[in-house]
Amino acid sequence: MSDWKFMVRQLAKNPLSMAGIIIIFIFVIIAIFAPLIAPTPEGHRDPYMIPRDGYSATPTLPSEEHIFGTTEGQYDIFYGVIWGTRSAFHVGLVVIGIVLSVGLVLGSLAGYFGGVIDEIIMRLTDIFLAFPALILAMAIVAALGPSLRSVMIALTVVSWPSYARLIRGDILQVREEDYIEASRGIGASNFRVIMRHVLPNAIYPTLVMASLDIGAVVLAAAALSFLGLGAPEGYADWGQLTSFARNWIVGPTGDPLKYWFAVTIPGLFILFFVLGWNLLGDAFRDILDPRLARR
Amino acid sequence: MENIIRIRDLAVRFHTYEGVVHAIDDLDLDIRQGETLGIVGETGSGKTMTALAILRLIPYPGRIESGSIAFFDRDLHSEIELLKLSEDNMRSIRGNKISMVFQEPGAALNPVYTIGDQISEVFLLHRRRLLGKRANEQVDRLLRDGDGFAAGIKRPFWRWQRRLYNKIAQESNPFEPRFLSHVPLFRRLLWRLKNESELLTVDMLKDVEIPDAARVAVHYPHELSGGMKQRAVIAMALACSPELLIADEPTTSLDVTIQAQMLELFRRIKVEKGASVLFITHNLGVASEVCDRVAVMYAGRVCEVTSVEELFLNPSHPYTKALLDAVPMPGKDLQTIPGQLADPLNPPAGCRFHPRCPSATQVCQQEKAKLKEIGKDHMVACHLF
Amino acid sequence: MELRSYIIRRLILLIPVLFGVTIFIFGITMLFSPIERASLYVTDPRQMGNLQAVIELYGLDQPFWVQYGNWMGEVLTGNLGWSSVVSMPVWDAIWHFMPTTLELGIFATPIIIFTGVFFGTQAAAHKDRPLDHGTRVAAIFGWSLPTFWLGLVLLMVFYGYFTGLLPPSRLSVPMELLVNSAEFTRYTHINTLDAILNLNGPVLLDALRHLILPVITLIVVQMAFIMRLMRSSMLESLGRGYILTARAKGLPERVVVNKHARRNALIPVLTVAGYLFAGMMNGVVITETIFTFKGIGWWAWQSAVRLDIASILGFALFNAVLFVLVNLVVDILYTRVDPRVRLGGTIQ
């Protein structure tokens, strides 16, 4: 499809999208090479648990040994943010992957077949959407016990309705197009029509939303971890790391910004990660804008 | 024969992602006072762009690159070069001296405002002095005839209002930014202007034969049928008695029966208002019903211009002949014009029509043809003449 | 009357949704053990000591439907259980914490809407020019900010670095004492409003000072969202036929944009307003936690962390009902703003 080529060219031209791609690329590199960048010390069993250098409650300043310093409880921040990249990708991709699939299936069913199926699925999404995402996620995580897995489950449960709705909407639009009539007229089965005609055309806005949402999911997961409802203490998770800084936002009088690194650094990682995906998603959205004069 | 519009060497180009599109090239066109000139051509021939160029409403990424459009202003008794006017002055001409009616009345009307509102807007914009005068007269009447206790209390307010409306009636430039009018509350004080404009609006709607005009005015566009909407749009365009009315395919989106009524309306406008009309259409039949003269356009250029009878009796340009031949007739095989429309990105050199022309010669491939007079009031741009 | 029957129709459709919502919420509780769930049925602190009796009394080891029925019965009589976190019935807790959250909402919502709409409109009207690009970058940036991090950084700078300039929590200590004393009448428990009603300047200023940072934290993300939405909605609106007509009438560009385009562009933004409200609740939880504003969000967080089931469910239910009602209001407003939705049919 020359559509793809055009899209890639547009992406390349837009400085914002290029910035987004570069940022994401950097994070991907960090995630892949985490063991090299921040090697797990000998004898440490779970690489996702941040190594501790003592048990003192006061964060230590950045030094040669701890490039970004340590948090309360002496967790190495550098290690934490590097391996946290892996957690972030893990959470984001898994949640969005599941949500996309579930949303695609349910949305297609609802949109294509309409009628009772549509009504049931729509009422179902209504129910889920009646909750603000974070609140519902909080309730689910509280019920399942705080852990990263609970967070992922909660976020999946919370996010799928929007996708189902979106896909259903797109399919409703596409369904009325003449070429769908035409292919059904020559005897194509429902399944074939959906797969070959309806979905490919309906999928673009969904991709836009999905790419934006990877950032949103990671943000939500970080928020939950920050509130103590996500990754366990000491786990390499950005939100978790930030929560350590809560008591240290103000240092001793005379040097109030002493522990700035404990607050700022994990947060910056979150910010840039989400920013990268948002830039990309935003650029996608602009490109897929049907009003853009093309041929 | 005075020309109300004189277009010379107009060029409109669009700078798009794929390249430069020549929407209009070397256009020469005259619209005479009081006549209804039709522009006929296929989609993409540049008809709409010509209209938009006159009003300087060419959308981005298009631009008027060169040429001149002269407008003879009846009130000022002078010729104005439209392409050199400031935006402010241009705005005082749009909707006022030159106005436009579009193809899709449904799309042309704003769905969130009533019909009456949208037409009143034109009066409030261009006829403030008139409205001020009428409001003034209204207050005068109240001061004269009003008696009783209530009138006694309101009298000072009325006197103050009279002064206010008097001032507006004497405003010289409607676009002069008046500081106070930006304050939302102050605008409320001018409610009499709105009243007067509504009266004028209802009159206008009656003029275009909309039944029950007062009731229609408070309805929203989606509550009207296609024909009524188009009448409303025409009312909006005629509100300030423009000297030139541009109608871009006004009947194309309507059913045939409504179409007939609409054409009747246009004929009436011609007779009663004495306005010049630029009537754009792709339908030769419609053109023959309303137009005095017709210009045929192809690929951004004018091929032939003559009176409507002469065009049908004695079509000279090969394209015109092909168009007339292509009209389906019972008993005749369907004639088509071979080839494809000129690619706007890469138009043929020389005469644009030459790749499809049965009588093309060597010259046609190299040189553009200029409009030449070949008969009484009959101009053709073709090397055959 | 059209409007009344529409409202009634919508309210009726609400019932199955609320029904589903309550089932869903209750379903979540099934993931907890009977002892934990017992707190849902408790009405005063003494019962907490003898939860086994409560379990038997309310049949907490019985099938789902029986329990659901019981619970719904309790809920409909106003008993949402006992909040162990704040030691008061859940129902009371909601009303106790509401004013704080309301105060934040009162300040945040208009700012979000007005600035979002304004910048979105301007960005669309000056498309591809510096203002547009600037707004866009700012919006993407704002959208990417983790709310909790923003709050912390703001505190770090304005409370830490500029020592005590903009402190957390609702009021400073002396003001807190004043507000709770006899000299100050509590009408609404909303500090700023009460201060105005009491004609007390210092309290008002103090309350405002404490509100600045939380409100900023709350609005940044929402504002970015509204800005982007408004921009794309405006661009859509500006591409329509009636804009060309408006220009052809000779209207100044300012009027074309503000009067004709914007009104149409606001329609889809309004429908999203419901989601805005939801987003606010999310932000409120985090903001109240960081700035120690003891409002509903703070209570929800405490309950979640300390596994106070009754509170969590009470909060979720409260939220669901509110959300559904807000959507209803939005839908009704929609019919007022867009004439096409109100009536239909043609005139001949």
Side-chain angles (χ1 to χ4, degrees), chain A residues 16 20 123-124 126-136 138-146 212 215-216 218-220 222-223 226-229 238-239 242-243 245-246 249-251 253 256-257 259-260 263-264 266-268 270-279 281-282 285 289 291, chain C residues 16-18 20-21 23-25 28-29 31-32 133 136-137 139-141 143-150 152-153 155-157 159-163 228 232 235-236 239 275 277-283 285-286 289-290 300-301 303-305 307 309 312-313 315-316 319-321 323-324 327:
Chain A
L16 287 179
R123 291 311 125 224
L124 214 59
D126 268 344
I127 294 171
F128 278 86
L129 286 173
F131 294 88
L134 202 62
I135 313 303
L136 183 57
M138 264 172 37
I140 296 179
V141 171
L144 296 175
L212 283 175
V218 169
L219 259 184
F226 174 78
L227 293 174
L229 293 166
W238 292 330
T242 323
S243 73
R246 273 200 75 194
I249 27 178
V250 183
T253 38
L257 293 181
Y259 303 109
W260 66 274
V263 179
T264 326
L268 279 176
I270 305 176
L271 174 63
F272 277 101
F273 185 82
V274 175
L275 190 66
W277 286 104
N278 280 348
L279 284 171
D282 207 68
R285 184 195 284 131
D289 185 344
R291 268 189 326 274
Chain C
V17 175
L18 277 178
V21 164
I23 292 186
F24 181 62
I25 296 179
I28 297 181
T29 72
L31 297 162
F32 296 99
H133 290 307
R136 190 167 168 193
V137 171
I140 298 182
F141 202 79
W143 207 343
S144 316
L145 275 175
T147 326
F148 57 91
W149 185 70
L150 177 65
L152 287 180
V153 169
L155 266 182
M156 196 166 82
V157 172
Y159 180 57
Y161 189 68
F162 298 106
T163 338
R228 286 299 286 164
S232 58
L235 284 178
E236 168 104 24
Y275 289 110
F277 173 74
M280 288 267 284
M281 281 314 261
N282 288 339
V285 170
I286 297 173
T289 309
I290 294 180
W301 174 59
S303 322
V305 174
L307 291 182
I309 317 298
I312 296 175
L313 291 182
F315 176 72
N319 222 290
V321 171
F323 192 75
V324 159
N327 268 336

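Proteins get letters first, then strands, A, B, ... in listed order; numbering begins at 1 in each. Quantities reported herein were computed from a predicted structural model and do not represent experimental measurements.
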(message) What's the separation between atom CZ in Phe272(A) and atom OG in Ser144(C), rounded to the nearest 0.5 Å?
(response) 10.0 Å
(message) Within this structure, what is the CG-CZ distance for the pair Leu16(A) and Arg136(C), rounded to the nearest 0.5 Å?
(response) 5.5 Å
(request) May I ask you to test the Thr147(C)-Phe226(A) pair for a side-chain heavy-atom distance under 4.5 Å? (result) no
(message) Is the shortest side-chain heavy-atom distance between Trp143(C) and Val274(A) below 4.5 Å?
(response) no
(message) Keeping Trp149(C) on the side-chain end and Thr242(A) on the backbone end, is there a donor-acceptor pair under 3.5 Å?
(response) no
Of the backbone (N, CA, C, O) and the side chain (C-beta and beyond), which part of [X] lies under 4.5 Å from a heavy atom of chain C, both, or neither?
X         : result
Leu229(A) : side chain
Trp277(A) : neither
Leu124(A) : neither

(message) Just so I understand: if I count every heavy-atom pair under 4.5 Å between each of Val137(C), Leu155(C), Leu145(C), Ile286(C) and chain A, which residue has the most?
(response) Leu145(C)
(request) May I have the step-by-step check of side-chain contact (heavy atoms from CB on, under 4.5 Å) for Leu271(A) and Phe141(C), ending in yes or no? (result) CA-CA 8 Å; Leu271(A) 174 63; Phe141(C) 202 79; 3.8 Å; yes
(request) Write down the atom of Ile270(A), the atom of Pro146(C), and the distance for their closest heavy-atom approach. (result) CG2-CG, 3.6 Å
(request) Over all heavy atoms of both residues, which pair between Trp301(C) and Arg246(A) is shortest? Give the atoms and the distance, please. (result) CH2-NH1, 3.6 Å
(message) For the interface with chain C, which of Gly228(A), Ala223(A), Ala216(A) has the highest count of heavy-atom pairs at distances below 4.5 Å?
(response) Ala223(A)
(request) Output the option from Val141(A), Val218(A), Leu268(A) having the highest count of non-hydrogen pairs under 4.5 Å with chain C. (result) Leu268(A)
(request) Let me know if Ile290(C) has heavy atoms under 4.5 Å from chain A in its side chain, its backbone, both or neither. (result) both
